[in-house]
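Notes follow the structure.
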Amino acid sequence: MLLIPCPFCGPRAQIEFAYGGQSDIVRPKTPDAASDQEWAEYLFFRDNPKGSHRERWCHRDGCGLWFNLLRDTVTHRIARSSPVDEPRGGNA
Amino acid sequence: MARMPHGGRIDRTQPLSFTFNGRHLRGFAGDTLASALLANDVTLVGRSFKYHRPRGVMAAGVEDPSSLVHLGIGAAGEPNARATQVELYADLVATSQNCWPSLRFDLQSGFDAVHRLIPAGFYYKTFIWPRWSLYEGAIRRSAGLGMAQNLRDPDVYTHQYAHCDVLIVGGGPCGLRAAEVAAARGDRVMLVDDQRELGGSLLWRGAGGIAPDLPATIGALATTSNVQILARTTAVGYYDHNLVVMHQRLTNHLGKAAPNGTPRERLWQVRARRVLVATGATERPLVFPDNDRPGVMLADSVLHYLRRYAVVPGRRAVLFANNDPAYQAVFALADAGVEVAGVVDIRASVSDALAAELARRGIRLFSNSAICATHGRQRVRAVRVGAMPSGPTTTLACDLLLVSGGWAPNVHLFSQSGGKLRFDDAQSCFRPAQSAQAVQCIGAANGLFDSAIALREAATTALAPASADLLQWPSAGAGAPGTGDPLAIQPFWRVPRGLGHGRQWVDFHNDVTVDDIALAARENFVSVEHLKRYTGTGMAPDQGKTSNVNALAILALETGRDIAAVGTTTFRPPVVPVTLGAIAGRHIGGLYRARRLLPAHSRHVSMEAMIADYGGWMRPEAYPLPGESFEEAVRREGLAVRTRIGLFDASSLGKIEVAGPDAERFLDHVLVTRVEGMTVGQIRYFVMAKEQGIVFDDGVVMRLGADRYWVGASSAHAAHVAQTMDEWLQCEWPTWQVTVTDATRQWATLALAGPESRDVLSTAGTDIDLAAERFPHMCFREGLVANMPARVARVSFSGELQYEINVHAGHAVTLWDRLLAAGASEAIQPVGMEAWLGLRLEKGYLVVGIDTDGTTTPDDVGSAAWRKKTANFIGRRSLMRPHALRPDRQKLVGLLGVDPAKRLPVGAHILASPSALPPCATVGRITSSMLSASLGQSVALALLANGRARIGETVTAYFDGQRHMATVVPLPFYDPQGARLNA
């Protein structure tokens with residue numbers, strides 16, 4: 001069980017968190033204009049790195065906030081934990 | 001003279017009686033079951049896993065592969081208890097396993113006579129026709145270990161969590177030294193040991209005066225405030241970020257004297273900034289013909305029994321070894337007055353010092369020799385010694401054969417932590433090389449067998465500065481090099497065929513021989529992982545503690561590789577078996593998982609409702625009257641709603657408040673349904689989808705005010721819906737001014753349903769104008785109901801005139817009582833979930849997750865209004881993909897059973913061709929069904945390919961060998977014009 005540093009609450013056991021997959025998946029600004037291939041890539045295509053992985057976690061049984069984590073998928077070393085604070089546009 | 005007249009760490013003032021296979025025996029406090037059995041000259045303890053060979057105690061610790069017994073009787077009984085790990089207590093009852101009718105006369109030992117017919121892999125090759133399952137039962141019964149019992153365990157188990165600066169696993173000399181050093185500099189230390197007393201090998205082997213003085217050291221540590229000592233505690237698992245799981249036995253050793261109600265065992269989860277593994281090393285047996293007879297024991301274990309328990313497990317001993325330290329055991333035996341018939345050593349010569357010690361005791365040495373046979377059936381009676389490589393041979397009578405093939409550091413925890421091992425050729429063992437977490441092995445666990453070096457290194461390691469990183473050991477000294485060659489070992493992995501015949505056992509626990517490994521290699525199972533699975537070596541409760549390195553070495557010989565190239569299998573947790581009770585802890589019975597109770601739960605209980613789990617909520621299924629069956633109750637409750645009135649507790653319905661200036665925009669983005677244009681007081685049915693276009697939930701949304709909405713999600717999904725909304729808000733639209741609050745548990749929701757509900761609500765007393773033209777269907781009003789502030793919604797899952805009355809959760813019982821009283825004159829009936837689900841089925845209302853699956857889109861269930869929306873809601877684009885637009889998608893439709901009295905089975909598949917026999921193509925399935933009392937029909941919901949175009953057709957549903965004919969009809973079945981719910 002990982003020890004995850006929540007940027008708001010500090011290090012807590014993994015059991016308090018929910019995993020949200022890869023970070024920085026950008027929702028197409030104009031989905032209706034996206035091709036089926038582009039939409040499928042947004043929905044389903046994810047990196048599967050051996051090494052550094054930027055991913056989303058939610059401190060569900062704590063502050064309830066989502067944040068980003070930079071985790072090594074081989075060693076589980078956590079290099080960085082940061083709030084999801086940069087608005088990236090959204091729906092268009 | 002099995003028990004020496006004096007000595008040992010047993011309490012001779014406390015004799016204890018116990019029984020083994022019904023025989024009454026005696027031991028002392030401080031004994032283990034194994035030492036007490038040996039003291040009573042009991043050498044035959046069990047039968048082996050596959051061939052039912054006689055087996056005895058071979059070792060003194062967790063590594064013993066054979067001494068598994070059943071402890072106790074009845075519900076508190078425990079299978080597969082290792083006699084070496086069981087502390088003796090008064091009136092202990094132990095029984096042998098895997099033998100019938102008795103240990104001495106086991107009928108299944110016939111398997112041993114036909115062993116040539118059943119080598120490794122025999123099952124895989126033989127029992128494949130027509131299928132394995134035909135044979136499995138009989139094979140599982142004849143092979144195996146103890147029997148799990150199916151009675152409820154009366155004991156209590158518990159869990160505990162802890163943090164510390166340094167966790168030291170193992171209270172031997174190095175563990176104690178490290179604890180002293182770490183404690184002195186102020187670290188919070190946890191020191192754990194699996195024995196009842198600390199000391200490790202100091203309890204039976206000295207360290208030449210350089211080791212810590214045992215009583216003084218332990219006494220000082222025990223009174224140091226920053227040190228916590230846990231005895232009888234085994235670290236069994238090493239997980240990510242320095243989380244170590246430990247299994248502590250609290251009252252097992254007390255037997256019947258254990259206090260009632262206190263936990264028997266405790267499972268610890270410890271997060272340590274650093275872990276020092278001081279688990280010592282395990283002696284390896286030598287591999288030679290018939291080396292599994294009772295009376296063949298590890299040399300150091302014999303010393304252990306002699307010194308710690310004052311037990312001599314034989315009268316005439318022989319040692320077979322390939323290293324120096326093993327000699328200590330025979331010297332001790334000889335000094336204790338035991339006859340030593342000879343020492344057999346692989347090596348061509350031994351050191352002058354050893355030779356002098358042998359000569360002084362008059363012990364004969366057979367150098368450059370091996371044991372090539374053993375004799376005796378249920379106990380070794382003699383051994384045959386052969387000069388290498390091919391004779392001549394000499395026979396030595398003996399009833400105790402000590403063996404030592406070297407030592408294997410106990411690297412299980414280190415390996416579990418991700419640490420890398422390397423093979424040390426000088427000492428013929430795997431040693432820790434590279435740490436992957438903040439863990440370091442010290443002492444013999446690190447392959448350091450010289451006490452002085454090991455103790456110095458333990459102190460240095462304990463003083464290494466702690467790092468903030470749990471994955472980083474701060475010092476670069478991982479895997480300090482071995483110095484000197486104190487074992488003076490000469491590797492020896494098996495007796496060559498020229499010298500010995502007969503089976504040479506490698507894995508005593510799983511009955512694997514040299515020939516089995518050779519067979520696996522011949523059949524190209526040359527990877528260690530394949531070897532393990534094909535032969536079974538290193539598996540099961542034992543996990544190859546004594547056999548691992550021997551098996552790898554033999555595989556290396558068979559395949560012409562180095563041991564380092566063969567590698568080792570993965571060490572998996574747990575290091576030793578853990579009882580299921582300890583793993584479950586308190587999470588059993590009613591505490592197995594959290595259950596949510598309705599706020600009026602006590603009322604449902606007092607009305608003797610049948611309560612069941614619906615998506616985590618404990619809800620009434622039905623309220624049967626005395627003498628009434630469940631089916632009759634469901635029918636009565638349903639008809640009451642259709643004809644008069646019923647009262648249903650809907651408090652588990654989701655109530656998610658979405659508020660803020662951007663609330664409308666937000667809801668139009670998370671719901672498939674359009675929210676824009678709703679007026680305050682209005683309610684709309686909504687569907688919510690996932691981004692993949694799949695139906696996620698449905699329910700009703702109410703506009704409470706200019707920028708406040710209430711989302712009534714379904715009971716089972718409400719929490720998930722609120723979490724999902726919050727996720728989108730935080731991660732996709734963080735600048736929007738909206739809050740999402742799940743208020744489900746703050747409100748009670750009671751539904752009055754049926755043609756009389758307006759009158760009954762009026763009777764209960766309300767200041768809300770209930771006239772249909774001013775309070776129509778799909779609207780809500782706020783006011784007082786029975787003098788309680790309430791939000792009353794006209795929505796209908798039942799298809800009848802229905803009011804859902806929401807009040808403060810604390811008012812649930814009062815409102816329930818008031819509504820029942822107000823409806824008494826109309827014979828109001830409380831309605832359970834079963835009848836309620838039937839009412840909605842008659843109306844064709846779907847339940848997400850029951851009538852939909854992971855492929856169902858809003859279009860499939862008839863929600864197509866989203867096409868008029870402009871907002872880019874979640875799932876919108878996915879609904880435009882070609883797959884979502886296929887005409888042959890499965891659509892939700894109604895089915896009428898051709899036989900109106902026969903229920904259509906849920907899960908039945910609708911066949912593409914009515915005459916086909918499965919396996920064949922299917923075009924849909926039945927998702928919900930009932931025999932409708934109000935319609936006099938067998939009705940069902942189904943997902944059917946291109947279903948809406950097939951209205952009027954007859955289809956064939958297939959379930960469990962039976963065919964059911966049904967007609968496809970439009971939904972709903974009941975009141976298609978909606979006159980009743982609009983009343």
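For the numbers below, each heavy atom of this structure counts, side chains included, while hydrogens, waters and symmetry mates do not.
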Between Leu471(B) and Thr75(A) the two heavy atoms that sit nearest each other are CD1-O, 3.2 Å

To the nearest 0.5 Å, atom CZ of Arg877(B) lies from atom CG of Asp36(A) at 4.5 Å

Side chain from CB out, backbone as N, CA, C, O: work out which of these in Tyr238(B) comes under 4.5 Å of a heavy atom of chain A, or both, or neither. neither

With a 4.5 Å heavy-atom cut-off, do Met1(A) and Gln269(B) have their side chains touching? yes

Non-hydrogen atoms of chain B under 4.5 Å away: do they reach the side chain of Ala13(A), the backbone, both or neither? both

Against chain A, work out which of Gln723(B), Arg881(B), Arg876(B), Gln692(B) has the most heavy-atom pairs shorter than 4.5 Å and name it. Gln723(B)

Could you tell me which non-hydrogen atom of Glu732(B) sits nearest to which non-hydrogen atom of Arg27(A), and how far apart they are? OE2-CB, 3.4 Å

Flag the pair Glu727(B) / Cys58(A) as yes when at least one side-chain heavy-atom distance between them is below 4.5 Å, and no otherwise. no

Could you tell me which non-hydrogen atom of Gly64(A) sits nearest to which non-hydrogen atom of Asp726(B), and how far apart they are? O-OD2, 4.1 Å

Quick one: CG on Leu3(A) to CG on Leu243(B), what's the gap to the nearest 0.5 Å? 9.0 Å

Heavy atoms, side chains only, cut-off 4.5 Å: are Ile78(A) and His241(B) in contact? yes

Does CD1 in Ile588(B) sit with more than 12 non-hydrogen atoms of other residues, nucleotides or ligands closer than 6.0 Å? yes

Just give me the residue among Leu65(A), Leu2(A), Leu43(A) that pairs up with chain B most often, heavy atom to heavy atom, under 4.5 Å. Leu2(A)

Please classify the contact of Asp469(B) with chain A as side chain, backbone, both or neither, using a heavy-atom distance under 4.5 Å. side chain

Of the non-hydrogen atoms in Val84(A) and Cys731(B), which two are nearest, and what is the gap between them? CG1-CA, 4.4 Å

Does atom CZ of Phe44(A) have more than 12 heavy-atom neighbours from other groups under 6.0 Å away? yes

May I ask you to check whether over 12 heavy atoms, not counting those of Asp888(B), lie within 6.0 Å of atom CG? yes

Neighbour count >12 (heavy atoms, 6.0 Å) for atom NZ, Lys690(B): no

Do Glu691(B) and Trp39(A) have side chains that get closer than 4.5 Å, going by heavy atoms? yes

